[in-house]
S.K.: 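One structure is given below, represented as structure tokens, and several questions about it will come after.
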Amino acid sequence: MRKNFWLVKSEPDDYSFEQLRKDGSIGWTGVRNYQARNYMRDQMKLGDGVLFYHSNAEPPAIMGIAEVSKESHPDPTQFDSKSDYYDAKSKKDSPTWMMVDIKFVEAFKRPLTLPELKKAKGLEKMLLLRKGQRLSVMPVSSEEWKRVLALAGNEA
DNA sequence: GCCAACGTTGGC
DNA sequence: GCCAACGTTGGC
């Protein structure tokens, strides 16, 4: 089975890659965008590679690698009235919001910053670099995956 | 179904 | 803190 590749964004003040390293794995809760949900629900498979990106960070950067450790399941925060992510319209028998779990794989020796990614050859089409691209979960091509790992010095 | 108003994301 | 680029909402 062919692996697919993804990039997830997180604000480090909210949930950092360092925290994922400590936690080992985490349920990727709180995604409230339909396109991002559809990727998680329909396409993210066990073992898929995940680039972990810090947004709203100084500097914004890809920090390292995670992988999908549990496929699509309902995001419990949508049913929690105390959660910021509560969705009163979502029904338990047909949840609106799905999530995957991801687990820590390895940190880059050196974070790959946004300015470096913009300068890099071969990443011109990367969705992350597209103007106005605000998806918190987005696909990465296998070529881009290889290129990013090579730039980070983390080739297998 | 259109689209203006509003809210959010995220780089800078 | 600013603001461009979205996505969502809701009146009509």
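Letters A, B, ... mirror the listed sequences (proteins, then strands); counts begin at 1.
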S.K.: Let's go through A:F52 and A:W6 carefully: what are the C-alpha distance in whole Å and the side-chain angles of both, what is the deciding distance for ring pair (Phe, Tyr, Trp, His ring centres under 6.0 Å) to 0.1 Å, and is it a yes or a no?
M.R.: CA-CA 9 Å; A:F52 197 106; A:W6 307 94; over 10 Å; no
S.K.: Considering only B:dC12, C:dC6, C:dT8, which nucleotide approaches the side chain of A:R134 most closely?
M.R.: C:dC6
S.K.: Without decimals, in angstroms, what is the distance between A:D84 CG and B:dG7 P?
M.R.: 17 Å
S.K.: To the nearest angstrom, how far is A:L135 atom CG from C:dT8 atom C1'?
M.R.: 14 Å
S.K.: So does A:K9 get a side-chain nitrogen or oxygen closer than 4.0 Å to the phosphate oxygens (OP1/OP2) of B:dG10?
M.R.: yes
S.K.: Of all the nucleotides listed (B:dG10, C:dT9, C:dT8), which has the minimum atom distance to the side chain of A:K89?
M.R.: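 Between B:dG10, C:dT9, C:dT8, the one nearest the side chain of A:K89 would be C:dT9.
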S.K.: Nearest-Å distance, CG (A:L127) to C1' (B:dT9)?
M.R.: 16 Å
S.K.: Taking the six-membered ring for Trp, are A:F17 and A:F104 closer than 6.0 Å centroid to centroid?
M.R.: yes
S.K.: Taking only N and O in the side chain of A:Y85, is any of them less than 4.0 Å away from OP1 or OP2 of B:dT8?
M.R.: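 A:Y85 to B:dT8 OP1/OP2: no side-chain N or O under 4.0 Å.
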S.K.: Between A:T77 and A:R32, do the side chains contain a donor N or O and an acceptor N or O under 3.5 Å apart?
M.R.: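 Yes.
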S.K.: Measure the distance from CG on A:L117 to C1' on B:dG11 and round it to the nearest whole Å.
M.R.: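 So the CG-C1' distance, A:L117 to B:dG11, works out to 14 Å.
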S.K.: Take atom OH of A:Y34 and atom P of B:dT8, then tell me their distance rounded to the nearest Å.
M.R.: 15 Å
S.K.: DNA chain C: A:N56 or A:N33, which has the more 5' nearest nucleotide?
M.R.: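 Taking each residue's closest nucleotide, the earlier one in sequence belongs to A:N56.
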S.K.: Less than 4.0 angstrom between a side-chain N/O of A:K118 and OP1 or OP2 of B:dC12, yes or no?
M.R.: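 Yes, A:K118 has a side-chain N/O under 4.0 Å of OP1/OP2 on B:dC12.
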S.K.: I need the CG-P distance between A:L129 and B:dG10, as an integer number of Å.
M.R.: 14 Å
S.K.: Please report the closest heavy-atom contact between A:V100 and A:S72, naming both atoms and the distance.
M.R.: CG1-N, 3.9 Å
S.K.: Quick one: A:H54 NE2 to B:dG10 C1', roughly how many Å, whole number?
M.R.: 14 Å
S.K.: Before accepting this row, confirm whether a basic side-chain N of the pair A:E143/A:K146 lies closer than 4.0 Å to the acidic partner's carboxylate O.
M.R.: no
S.K.: Mind calculating the distance between CG (A:L128) and P (B:dT9) to the nearest angstrom?
M.R.: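 My rounded result for the distance is 16 Å.
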